[in-house]
Amino acid sequence: MFWNAKFPNFSNSIHREELLDVAIIGGGITGLSTAYYLKDSNLKIGLFDKGKLGMGVTSKTTAKITYLQGDIYQRLGKKAKKYYDSQKDAISEIVRIVKQENISCDLEKVSSILFTIDENNVDKIDKERSLIEEFGCKTFDVVDKRVQSAFSVDDTYVFHPLKFLAGISKTLVDKMSIYEDCLVENIKKCNDWYLLSTKNGCFKVRDVIICCHYPFFLYPNYFPLKTYIQREYVNVGKIDVKDVSVNYSAVNIDKDLHSIRYYKDYVIYGSNKHRLTNEIDYGRNHRKSIEDFKHYFKVPVLYTWMNQDIISHDLLPFIGRIDNHLFVGCAYRAWGMTNGVLAGKILSDLVLHRKNKYSSLFDPRRASLKLYTNSFLGTFHYMKVYAEALWKKNNPSYIRIKGVLYAIYKDKEGEFHKICLLCPHMKCNLVFNSYDETWDCPCHGSRFDLDGNLIEGPAKENLKKGI
């Protein structure tokens with residue numbers, strides 16, 4: 001793992017049943033930010049994470065703190081200015097928290113560059129620049145022969161994400177109960193309360209805040225119909241900082257992603273994004289990301305990983321109330337540092353019955369034609385990749401028993417692995433990823449090893465084995 005930090009040692013108490021005012025599910029940037037804003041509320045709070053704090057999706061971020069996020073403002077139309085304001089406020093909040101809590105997280109003010117290498121997208125760069133200048137932002141010319149068009153702003157940041165979260169978590173000691181390695185297996189509504197079932201026992205809770213990467217339920221709100229998942233690949237290498245200017249971050253607006261930032265003498269490069277349902281095997285994209293990294297930066301790859309980002313069909317995050325006492329923060333479109341902290345502020349304000357000027361913009365109960373019509377396109381993509389998986393593969397082989405599809409895979413040692421092909425999350429059929437030798441859900445991103453053991457959710461349990 002590239003990002004790493006020392007968190008406080010939270011001892012999980014074993015309870016049969018405990019009464020909580022608030023349960024926060026997820027210990028990444030959203031969950032810990034929410035906990036931070038609630039820590040002085042005198043509410044009885046429990047924070048639950050299925051692993052260790054910060055070690056989920058947040059540990060895979062490139063950790064840019066910027067409001068230059070591709071061509072988002074021209075795509076948002078009338079909502080652009082308010083979204084811009086929300087990102088600027090989130091940046092200010094991060095800086096304030098770091099200073100107020102004296103968090104040593106390598107926070108550094110850098111320029112952000114937005115660019116294109118496609119001459120057909122020059123007009124989009126110009127339009128994005130004009131929009132943020134209308135919003136009151138000062139921009140600067142960037143001249144670089146390697147790109148077709150670019151501009152920069154100078155009031156953005158980068159930092160070490162896990163050091164930031166470790167600093168936040170230190171402020172929570174003695175303020176609330178924190179349960180690591182504690183998967184919330186079920187949430188059941190009981191009148192105006194929720195019953196949380198975990199391996200640490202059952203918890204009766206008034207308000208539940210879902211801060212995990214992907215909400216693990218269909219009802220209420222139909223999140224899977226309003227979102228899709230995008231995968232990208234990140235590579236890190238060591239450079240000679242004497243030869244390179246490193247006081248900037250950059251991202252392009254083209255279909256082929258190029259995302260760049262620096263941390264000390266490391267360059268962090270994200271590339272080769274694709275919709276999850278557009279590929280069966282992800283090895284081609286991963287290999288190309290490594291080749292691109294070596295081509296552009298001329299150094300070996302020291303760390304490599306992939307990210308799966310949830311994107312709503314209307315491009316705005318889902319942050320807020322979805323039931324009287326049920327809240328959510330997710331779908332940040334790869335910009336989780338600003339939106340995670342912003343979500344913490346909005347969610348805490350809602351729990352404390354305070355007004356927040358951004359709650360309506362990100363309301364997860366919002367309805368629009370775009371949110372639902374695009375879900376049909378997602379269904380088409382899923383059916384296409386699933387059909388290709390069945391038609392093109394001799395290994396694994398497939399057999400249907402009583403209407404249920406099973407898969408048999410023979411590994412390199414000649415051992416057979418037999419699993420039920422239904423994802424336990426929402427019963428999508430899995431496809432085989434031969435590059436990683438995993439069973440992957442093209443609908444919502446769950447992943448399982450050869451024997452069906454859960455690697456990554458939103459699924460909460462292993463696959464059924466055997467035939």
Which label fits Y83 and F362: parallel for a plane angle under 30°, tilted from 30 to 60°, or perpendicular past 60°?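 It falls in the perpendicular class, over 60°.
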Could you check if a side-chain atom of [X] sits within less than 4.5 angstrom of a side-chain atom of [Y], using non-hydrogen atoms only?
X    : Y    : answer
T62  : Y269 : no
D192 : R206 : no
V234 : N307 : yes
K294 : N235 : no
R287 : N272 : no

If you measure only the distance, is there a donor-acceptor pair under 3.5 Å linking the side chains of [X] and [Y]?
X    : Y    : answer
Y263 : E108 : no
Q308 : R231 : yes
N252 : H258 : no
N356 : D349 : yes
Y233 : H274 : yes
Y248 : Y262 : yes

Could you grab the distance from atom CZ of F159 to atom OH of Y157, nearest 0.5 Å is fine?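 The distance works out to 12.5 Å.
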Look up atom OG in S33 and atom CG in L347, then write down how far apart they are to the nearest 0.5 Å.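 Reported to 0.5 Å precision, the distance equals 10.0 Å.
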Below 4.0 angstrom, N of the basic side chain to O of the carboxylate: do [X] and [Y] qualify?
X    : Y    : result
K189 : D323 : yes
R447 : D440 : yes
R96  : E93  : yes
R321 : D363 : no
K345 : D89  : no

Given Y67, which partner from the list T338, T156, D155, D85 fulfils the side chain to side chain donor-acceptor pair (under 3.5 Å) test?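 Only one of T338, T156, D155, D85 forms a side chain to side chain donor-acceptor pair (under 3.5 Å) with Y67, namely D155.
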Looking only at non-hydrogen atoms, find the nearest pair between [X] and [Y] and report the distance.
X    : Y    : result
S249 : R261 : CB-CB, 4.0 Å
S312 : A331 : N-CB, 4.3 Å
L195 : C190 : CB-SG, 4.2 Å
A343 : T30  : CB-CG2, 3.9 Å
K44  : L19  : CD-O, 3.3 Å

Look at the side chain of D314 and the backbone N and O of L316, then say whether any donor-acceptor pair between them is shorter than 3.5 Å.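 A pair under 3.5 Å: yes.
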Judged by atom type as modelled, is there a donor-acceptor pair below 3.5 Å linking the side chain of W3 to the main-chain atoms of T61?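 Yes, W3 side chain to T61 backbone: donor-acceptor pair under 3.5 Å.
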Check whether more than 12 heavy atoms from other residues, nucleotides or ligands sit under 6.0 Å from atom NZ of K52, and answer yes or no.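 Result for NZ/K52: enclosed.
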Under the salt bridge (Lys or Arg N to Asp or Glu O under 4.0 Å) rule, what do D181 and K50 come out as? Steps first, then yes or no, please. CA-CA 5 Å; D181 300 310; K50 67 178 181 180; over 6 Å; no
